[in-house]
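One structure is given below, encoded as structure tokens.
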Amino acid sequence: MIKFLILILGVVLAGTPYNQKKVLVLSDNPAVYVSHSQFFNLLSKSYRVDYKNIQSNTFNLQLFGEWQYDHLVLFSTTNDLKVSTQELLDFYDSGRNILLLGSTDQSKYFRKFLNSFGLDMHDYGSSVVDYFNNIKGNQNVVTTNNVNILKVDKPVAHQGAGLTMTPYETFQVYGLVRGSETAFSGPNLSHNIIYVGATQGRNNARFVATGSWEILSDEFVNDSNLGNFELAQEIIRWGFGQSKILKAENLIHRRLDSDDIKPYNYRLREDCYFSIDISEWDYQKDQWVPYNSTDNDVILEFVMLDPYYRLPLKKGEGSKYELSVKIPDVYGVFQFKINYLKPGYTFLKIAEKITVRPFRHDEYGRYLVQAFPYYFSSFGTMAGFVVFLIAFLLNK
């Protein structure tokens, strides 16, 4: 009976939110829990959420060397956080995700923290203005359809400051939601204005920042004519690692005429077969599904210092990507490399070391095309000697 009760208790606990990943929300303004109730409802559906005051000493990001939370949500204010920016960066470097809802009056602490991710907040007190794309003629409540990576079909409303990239855009820093062509904020023109920015680390941890709290407020999220509700869903899914997650497995390489997988070495100019399975996490089905690259951009490199080949892998059955290639006429230590850095998706970096050897003495052909001049010269010398010998003996 006791064993049965323990089993039932285990099943119940496995289905409770305590089995879910933990999110820490930090804010010093209790009003946000009312003004952003829809956002917190979406958050609590997938995660176990703890709410703490930003000035509180009652929480620990790390305890006895163990991180206590999987994700972090920060509502920036004029007050500084009790933990150092370095601890926040260590949290991110450990592979965990951070969402920062910014504001124009946020302290230098949050501005410096934002700079660590290649993003910069506009000047104090600034606000994005758009005289053409706005709501009900209010040029300070702007709209845009310029959404990247995230799937949002309706216009997104924004009110407050914007972000810029410092000083250039890389493959790790994205403008998820950018201003329309007619938006401006002081000296910042439309192509430099970002409403929602993001950074993805080499460890695939994600950082998302907004220019203001209002973009995820109930005022905009509850408006059926706007895409802010979809945006809130997408920020949670993408920012906390539910969508656009890739996994590579089952790497295989072998000689084309052999079933021996991952041989110790290859010979010069042998035909080689390479394949790998790439899957994408489907948060709706809660399982891995085959990843379909429509851009033919999964590139296989055959590298020794520099790439000798750089060829696109072909989509096979299911999640398989494959290619047949001839080993180059150079021997040494090579690597099969895949360095897949598609914006918005987790990075795939794969390397497999192999050895390429020259021909053995018994593997060369009987006659080499390259040696034909020497063959002709040798036989020509012999033929000339025979002719000379005959002429010498018969001529008395």
Side-chain angles (χ1 to χ4, degrees), residues 17 19-24 39 42-49 67 69-73 89 91-100 117-118 147-153 170-177 196-210 216 230-251 275-300 312-313 315-322 337-352:
N19 197 37
Q20 298 174 341
K21 291 187 176 182
K22 295 174 65 177
V23 177
L24 176 62
F39 170 73
L42 291 173
L43 197 62
S44 61
K45 288 180 179 178
S46 303
Y47 301 98
R48 177 186 170 191
V49 185
W67 294 106
Y69 299 94
D70 301 287
H71 312 293
L72 181 62
V73 179
L89 293 175
F91 180 86
Y92 177 81
D93 289 339
S94 68
R96 289 160 172 80
N97 308 300
I98 300 176
L99 170 61
L100 173 65
F117 295 93
V147 180
N148 305 304
I149 296 175
L150 308 181
K151 187 177 180 181
V152 179
D153 299 324
T170 70
F171 68 92
Q172 291 180 259
V173 185
Y174 316 121
L176 299 181
V177 182
V196 182
T199 300
Q200 181 167 284
R202 295 182 184 273
N203 61 350
N204 289 322
R206 290 169 174 174
F207 171 81
V208 180
T210 68
L216 298 180
E230 294 175 296
L231 178 66
Q233 288 181 315
E234 287 292 297
I235 286 178
I236 292 173
R237 290 169 183 165
W238 187 87
F240 292 165
Q242 294 182 19
S243 66
K244 298 189 183 298
I245 306 295
L246 300 180
K247 177 182 70 171
E249 57 185 356
N250 298 331
L251 187 154
S275 71
I276 191 169
D277 292 347
I278 301 179
S279 304
E280 180 179 3
W281 180 253
D282 190 325
Y283 60 86
Q284 294 176 327
K285 297 179 180 179
D286 197 30
Q287 65 181 15
W288 293 99
V289 298
Y291 170 64
N292 295 309
S293 173
T294 57
D295 301 324
N296 198 29
D297 56 356
V298 182
I299 306 298
L300 174 67
L313 291 173
K315 185 71 172 68
E317 295 182 359
S319 57
K320 189 177 297 295
Y321 285 80
E322 57 189 357
K337 273 191 175 182
I338 295 177
N339 193 18
Y340 193 59
L341 306 175
K342 189 169 185 176
Y345 287 86
T346 52
F347 304 142
L348 292 178
K349 294 190 176 183
I350 302 154
E352 178 81 5

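When a residue number appears, it is its place in the shown sequence, counting from 1.
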- side-chain contact (heavy atoms from CB on, under 4.5 Å) between Lys342 and Asp295: does it pass, once the steps are laid out? CA-CA 10 Å; Lys342 189 169 185 176; Asp295 301 324; 3.3 Å; yes
Rounded to the nearest 0.5 Å, what's the gap from [atom1] on [X] to [atom2] on [Y]? Could you check?
X	Y	atom1	atom2	value
Leu231	Ile236	CG	CD1	10.0 Å
Leu348	Ile276	CG	CD1	7.5 Å
Thr210	Leu100	OG1	CG	6.5 Å

- Under the side-chain contact (heavy atoms from CB on, under 4.5 Å) rule, what do Trp281 and Asp286 come out as? Steps first, then yes or no, please. CA-CA 7 Å; Trp281 180 253; Asp286 197 30; 2.9 Å; yes
With the side chain counted from C-beta on, respond yes when [X] and [Y] share a heavy-atom pair under 4.5 Å apart, and no when they do not.
X	Y	value
Lys315	Asn292	yes
Tyr174	Asn148	no
Asp70	Tyr47	no
Leu89	Phe117	yes
Ile338	Leu313	yes
Thr346	Arg206	yes

- Message: Side chains of Asp297 and Tyr340: any donor to acceptor distance under 3.5 Å?
- Response: yes
Check [X] against [Y] and note the closest heavy-atom contact, atom names and distance.
X	Y	answer
Gln242	Ile245	C-CG1, 4.3 Å
Asn97	Gly241	ND2-N, 4.1 Å
Leu150	Leu176	CD1-CD1, 4.1 Å
Asn296	Ile299	O-CD1, 4.3 Å
Ile235	Val208	CG2-CG1, 4.2 Å
Leu43	Val73	CD2-CG2, 4.3 Å

- Look at the aromatic rings of Phe240 and His71 and report parallel, tilted or perpendicular, splitting at 30° and 60°. parallel
- Task: Name the orientation class of the two ring planes belonging to Trp67 and Phe91 (parallel below 30°, tilted from 30 to 60°, perpendicular beyond 60°).
- Result: perpendicular
Main-chain N/O of [Y] paired to [X] side chain as donor or acceptor, under 3.5 Å:
X	Y	result
Asp277	Glu249	no
Ser279	Lys247	no
Arg237	Lys244	no
Glu234	Lys151	yes
Trp238	Gly344	yes
Tyr92	Ala205	yes

- Should the heavy atoms of other residues, nucleotides or ligands under 6.0 Å from NZ of Lys45 be counted, would the total exceed 12? no
- Yes or no on side-chain contact (heavy atoms from CB on, under 4.5 Å) for Ser319 and Trp288, after CA distance, side-chain angles and deciding distance? CA-CA 10 Å; Ser319 57; Trp288 293 99; over 6 Å; no
- Message: Using a 6.0 Å distance limit plus a 45 degree cone around the ring axis, check whether Lys22 lies over the aromatic ring of Tyr69.
- Response: yes
- Message: Set out, in order, the CA-CA distance, both residues' side-chain angles and the distance that settles side-chain contact (heavy atoms from CB on, under 4.5 Å) for Gln200 and Phe347, then state yes or no.
- Response: CA-CA 9 Å; Gln200 181 167 284; Phe347 304 142; 3.4 Å; yes
